[in-house]
Amino acid sequence: MGGEISMGFEDSYNFNKIEVKWQKQWEKDDLYQVPDYSEKPKYYCLEMFPYPSGKLHMGHVRNYSIGDVVSRYMTMKGYNVLHPMGWDAFGLPAENAAIANGIHPSVWTYDNIASMSKQLKELGISYDWSREIATCHQGYYRWTQWLFLQLFKHGLAYKKKAAVNWCPSCATVLANEQVKEGACERCSSEVEKRELSQWFFKITEYADRLLEDIKLLEGWPEKVKLMQENWIGRSEGAELEFKLSDSEDSISVFTTRPDTVFGVSYLVLAPEHPLVEKLIENKPQAEEIRRFVKKVRNLSEIDRTSTETEKIGYLTGAYCNNPFTGEMIPVLVANYVLLEYGTGCVMGVPAHDQRDFEFAKKYNLPIKIVIQPEGQIIDPLNMNEAFIGEGVMTNSGKFNGIPGVQGIKAVIDFAEEKGIGKGVVNFRLRDWLISRQRYWGAPIPIISCDNCGEVPVPEEALPVELPINVEFKPTGQSPLAECPDFVNTVCPLCGSKAKRETDTMDTFMCSSFYYYRYTSPRDTERVWDKKKVEEWLPVDQYIGGVEHAILHLLYSRFFTKFLYDINLVSNVEPFTNLLTQGMVLKDGAKMSKSKGNVVSPEEIISKYGADTARLFILFAAPPERDLEWSDQGVEGSFRFLSRVWRLVVPLATRFSDRSKPELETLSGANRDMHRLVHQTIKKVTEDIGNRFNFNTALSSIMEMVNGMYQYREIPQDQRDDRVLNEGIEALLLMLSPFAPHMTEEIWELMGRSGSIHSQAWPEYSQEAIQQESVEIVFQIKGKIKDRILVPSGLSAEELKEEVFSRENVKNLIEGAEILKVIAVPGKLINIVTK
RNA sequence: GCGGGCGUGGCGGAAUGGCAGACGCGCUGGACUUAGGAUCCAGUGGGAGUGAUCUCGUGGAGGUUCAAGUCCUCUCGCCCGCACCA
């Protein structure tokens, strides 16, 4: 190693100095600003924007490190890359902080944005900060309101009174998507049902398209697509009408098994069903049933929908007529029927539905077999469970003998013909409840007038500004209602006194279109320039946590379809490829304050630098998988970067000759080193470009560095500096998306002009990778017996010939009876003997 | 209950059906050193053997195949999503 330590540069890796230096320089040079239009092909790389909670956590660091590598890689690959960042800045924590500490939500939020954007800059993420947006900024929420008005005008935003999810702790209503296992997604309090008048978006109108277009999402994880599919929950069936015996009313029932209609022995209404009161009026059991209904209504969502809850039912005393059999069957009320699904009433077919079976057993209701499984006789007397499989219709009049799906169709056809029912498609998806009884959100731009009803605020009057001087006591009413200056206004239509809507919008509304706004972040004339949206959208790569699999990702898809319909965008889906990153764990558990296992990014950055933090997080696991935090692993990543520094910096200034080595002139160790460099370029390019396996990309870069250390040990007169130089250049370029600061510093030390981040990604040469010889595994009956070096590029036949000519192979197979020889070129030979 | 994912050394993790454990951490030994928790080099799945080697080994049991961590069937464990959806 003698004589290689030159003078005049840092000889230890001073990450602190380097990182600050380059962050300043990049900002000064506007290095990451991207033009709206370019000759280059576009690439839109987006990470889910964060809620400005105050500090970055490791999940953020992971999310943005992944996005940054993708962006930098694609930039080097010659794309015009849009990589913006912003803030999902409305929401409850700001308001809760205001209540707790007397800081205005706005001040709290903007302070947090300031400190988090500083942290992001310290991580060296390549954002185009000129496009930064914050959803709580007037210049943004004006368009949130404008889009609400568009939905309203198209009949997709409406107000209705309904039993809605109420979180007592957050003091606001929630959308179905925000309720997890009967509890508030945000604070885990048990959700209650309240009868309230609320604003909804008709996402159900798009149910079919949202489901149908899932098949366009080839770049999405199957898991997310399945979750959306299940959430939308399409099911085909029929609605059948059952006439009540002593009234003109009829009850409509949804069923997926109309072929079992001859086996209906009762109907069951949901307790909240509007007909219940009518049916029990003047009946002796009326009071008892009213008490039951009240009790069920008061149950928490969790108890209400748990399969554990005992099924309880009451006879209403009313009867109806099965239009297929003419039978009189009783109408019941029971706790297990849900008003919101289907028609709020189900037909009980105990023989062919497990729930009905158990319910019928409990209440001694008749069980009638109408589907006969093939090759098996079933009898109500000795059944222990319902037969829910396919079979042949039986005891079903003229339908007898019709099998499976055909039966379903036959019954529907008959019902439609007779006007007693029809085939329908039912969805589990409900409309999206978007009003919130809280302050820190975009006000719903509606004015309520006694004469004119719900009147939209005229577009030119937007934004409806959020008043600043408001009390934030959570009362269950929006704090805006306590603000007379805000509430009192005049009707835009008739000019008479009117009141503003005081609820604000669900913040998921704000995040449903932000990725469009990034293309026109400062446009004050329109929500965005459609030409720019067409230039950039759809997002090529979206990256974020799987917790949004339904919420944000479904809402964004819904918005996109609506925006497409009103001609504001030309894409039908917003995100072409989706990467859902795994969680960051410590000691096997998600990092959380309560568990005390939090590692703060600040701490790691100040101790090891941003490059190390990024490197570790990308090296420790592939991006989709959960990542186990390891302090020692971080140490190792730091060690690796230092090792690169020590390898490269002493050599960096040595070479003025930048010519590439000529393959023909290389041999021995020089040829091997040259090959390793090109193999590594190939591997790293594929690992990043094809499959986002940053961990394996880094491990092959490490192998190359190890190889270069070995190579450096060779006496100077025997090695080729051009090979070493080429290796160093490739190493720095490939490492630059991971460790942008250190590689930039060395690039400068080498006297190269321009930023390393503006360079082209290295190319490999196929000839350089070519091996002269390869090691072949020699197996007998699948057991490895020897490894044999043969010339590369042999065909299967040539390989056999070559291998069988070897002495040791001859010895190994001596006397054996060979049945078969399998030769895989470049890999192995397997001999099957008797 | 339904749907999905995952089970590989002491640990994080590699392996288009073709050499299991790349790379990193940790550990062991050596070099350099006043010193090393720095750095460099070497070794490192279990068992047997002085040794070249042999043998077992990817949660478990079967199967397909010349060849299985990888494909199929069953099973166990953990994680996630949905959960009385008619």
Side-chain angles (χ1 to χ4, degrees), chain A residues 1 12 180-182 221-231 233-235 237 253-257 260 267-268 270 302 304-311 334-338 340-349 352-356 358-359 426-429 546-547 549-550 582-583 585 588 615-616 619-622 624-637 639-640 642-643 646 683 693 695-706 709-710 713 775-784 786-787 819-824 826-833:
Chain A
M1 247 207 282
S12 78
K180 298 265 175 254
E181 292 176 21
E222 287 305 315
K223 175 191 162 90
V224 174
K225 291 194 275 188
L226 264 162
M227 281 167 74
Q228 291 215 355
E229 212 174 297
N230 293 337
W231 188 261
R234 183 178 196 274
S235 63
V253 160
F254 174 73
T255 176
T256 53
R257 293 294 301 273
T260 64
L267 294 191
V268 194
I302 241 180
R304 177 68 208 274
T305 58
S306 166
T307 36
E308 310 292 295
T309 309
E310 195 195 353
K311 292 177 180 55
N335 57 352
Y336 71 93
V337 179
L338 307 173
E340 310 91 67
Y341 187 74
T343 62
C345 180
V346 302
M347 58 187 214
V349 188
H352 306 293
D353 181 287
Q354 189 56 26
R355 273 166 320 194
D356 295 345
E358 285 160 23
F359 192 72
N426 203 24
F427 292 94
R428 297 176 71 165
L429 180 71
V546 73
E547 64 273 16
I550 295 178
M583 288 187 294
L585 309 178
L615 193 80
F616 167 72
F619 178 63
E624 307 83 358
R625 230 191 287 178
D626 286 350
L627 181 153
E628 176 66 30
W629 187 267
S630 153
D631 291 329
Q632 284 170 329
V634 178
E635 198 87 41
S637 294
R639 212 146 51 206
F640 170 69
S642 307
R643 194 166 146 83
R646 282 192 307 272
K683 172 90 166 95
N693 276 12
N695 56 333
T696 51
L698 282 166
S699 73
S700 44
I701 293 176
M702 288 173 181
E703 282 178 88
M704 183 170 102
V705 169
N706 293 343
Y709 262 84
Q710 303 277 326
E713 296 299 310
E775 200 178 66
I776 293 291
V777 170
F778 179 75
Q779 297 179 325
I780 295 176
K781 282 161 91 174
K783 300 254 181 223
I784 297 153
D786 202 0
R787 298 167 218 280
L819 299 176
K820 196 174 175 186
V821 179
I822 292 111
V824 182
K827 287 263 160 57
L828 57 66
I829 288 246
N830 187 13
I831 292 173
V832 188
T833 55

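A, B, ... follow the sequence lines: proteins, then strands. Residue 1 opens every chain.
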Does a side-chain heavy-atom distance below 4.5 Å link A/N335 with A/K311?
-> yes
Phosphate OP1/OP2 of B/rA86 contacted by A/S235 side-chain N/O (<4.0 Å) = yes
Given that A/L226 and A/G782 both sit by RNA chain B, which one's nearest nucleotide is further toward the 5' end?
-> A/L226
Spacing of A/D631 atom CG relative to B/rG26 atom P, expressed in whole Å | 11 Å
Is there a side-chain contact between A/I822 and A/Q779 (heavy atoms, below 4.5 Å)?
-> no
Of A/V832 and A/D356, the one whose closest RNA chain B nucleotide lies more 5' | A/V832
Of all residues at least two apart in sequence or in a different chain, which pass the side chain to side chain donor-acceptor pair (under 3.5 Å) check with A/D626?
-> none
On a whole-Å scale, what distance lies between the C1' atoms belonging to B/rA83 and B/rG4?
-> 14 Å
With sequence neighbours left out, what residues match A/K223 under salt bridge (charged side-chain N to carboxylate O under 4.0 Å, His left out)?
-> none
Given Watson-Crick and G-U pairs under 3.5 Å, RNA chain B in dot-bracket ([ ] crossing, | other strand) is (((((((..(((.....[....)))((((((.......))))))((((....))))..(((((..]....))))))))))))....
Taking atom C1' in both B/rU39 and B/rC79, compute the distance separating them and give it to the nearest angstrom.
-> 42 Å
Roughly how far apart, to the nearest Å, are B/rG13 and B/rG59 at atom P?
-> 15 Å
Determine, for nucleotides 79-84 of chain B in 5'-to-3' order, which nucleotides have protein heavy atoms under 4.0 Å from the base (write B), from only the sugar-phosphate (write S), or from neither (write -).
-> -SSSBB
Would you kindly give the CG-to-C1' distance between A/N693 and B/rG13, to the nearest whole Å?
-> 11 Å
Starting at atom CZ of A/F778, determine the distance to atom P of B/rC66, rounded to an integer number of angstrom.
-> 18 Å
Within less than 4.0 Å of OP1 or OP2 of B/rC40, is there a side-chain N or O belonging to A/R646?
-> yes
Residues at least two apart in sequence or cross-chain that pass ring pair (Phe, Tyr, Trp, His ring centres under 6.0 Å) with A/F427, listed by chain then number, are none
What pairs with A/F619 under ring pair (Phe, Tyr, Trp, His ring centres under 6.0 Å), at least two apart in sequence or on another chain?
-> none
Separation of the C1' atoms in B/rG18 and B/rC2, to the nearest angstrom = 38 Å
So do A/Y341 and A/T343 actually touch side chain to side chain, heavy atoms under 4.5 Å?
-> no
Rounded to whole angstrom, note down the C1' distance from B/rC78 over to B/rU8.
-> 16 Å
Quick one: label A/E624 by what it contacts on the DNA or RNA (base, sugar-phosphate, nothing), any heavy atom closer than 4.0 Å.
-> nothing
For atom C1', what is the distance between B/rU55 and B/rG3, given to the nearest Å?
-> 43 Å
Can you tell me the distance, in whole Å, between the CD atom of A/E713 and the P atom of B/rA31?
-> 17 Å
Hits for ring pair (Phe, Tyr, Trp, His ring centres under 6.0 Å) against A/W629, two or more places apart or cross-chain, chain-then-number order -> A/F616
Can you name the salt bridge (charged side-chain N to carboxylate O under 4.0 Å, His left out) partners of A/R428, sequence neighbours left out?
-> none
Of the nucleotides B/rC40, B/rC66, B/rA42, which has the atom closest to the A/K820 side chain?
-> B/rC66
Go through the structure and list residues passing side chain to side chain donor-acceptor pair (under 3.5 Å) with A/K683, not counting sequence neighbours.
-> A/D687
Atom CD of A/E358 and atom C1' of B/rG1: how far apart are they, to the nearest Å?
-> 11 Å
Hits for salt bridge (charged side-chain N to carboxylate O under 4.0 Å, His left out) against A/D356, two or more places apart or cross-chain, chain-then-number order -> none
If you measure from the C1' atom in B/rG43 to the same atom in B/rA35, how many Å do you get, rounded?
-> 25 Å
Among the nucleotides B/rA86, B/rA14, B/rC66, whichever has the atom closest to the side chain of A/P622 is B/rA14
Student check: side-chain heavy atoms of A/R643 and A/V705 closer than 4.5 Å = yes
With P as the reference atom in both, quote the distance from B/rC11 to B/rG60 in angstrom, rounded to an integer.
-> 15 Å
In chain order, what residues pass the salt bridge (charged side-chain N to carboxylate O under 4.0 Å, His left out) check against A/R234, with sequence neighbours excluded?
-> A/D208, A/E236
When syn is taken as a glycosidic angle within 90 degrees of 0, is B/rG9 syn or anti?
-> syn
Would you mind building the protein contact string for nucleotides 19-25 of chain B? One character per nucleotide, 5' to 3', B for base within reach (heavy atoms under 4.0 Å), S for sugar-phosphate only, - for untouched.
-> BS-BBSS
For A/F640 and B/rU39, what is the distance between atoms CZ and C1' respectively, to the nearest whole Å?
-> 16 Å
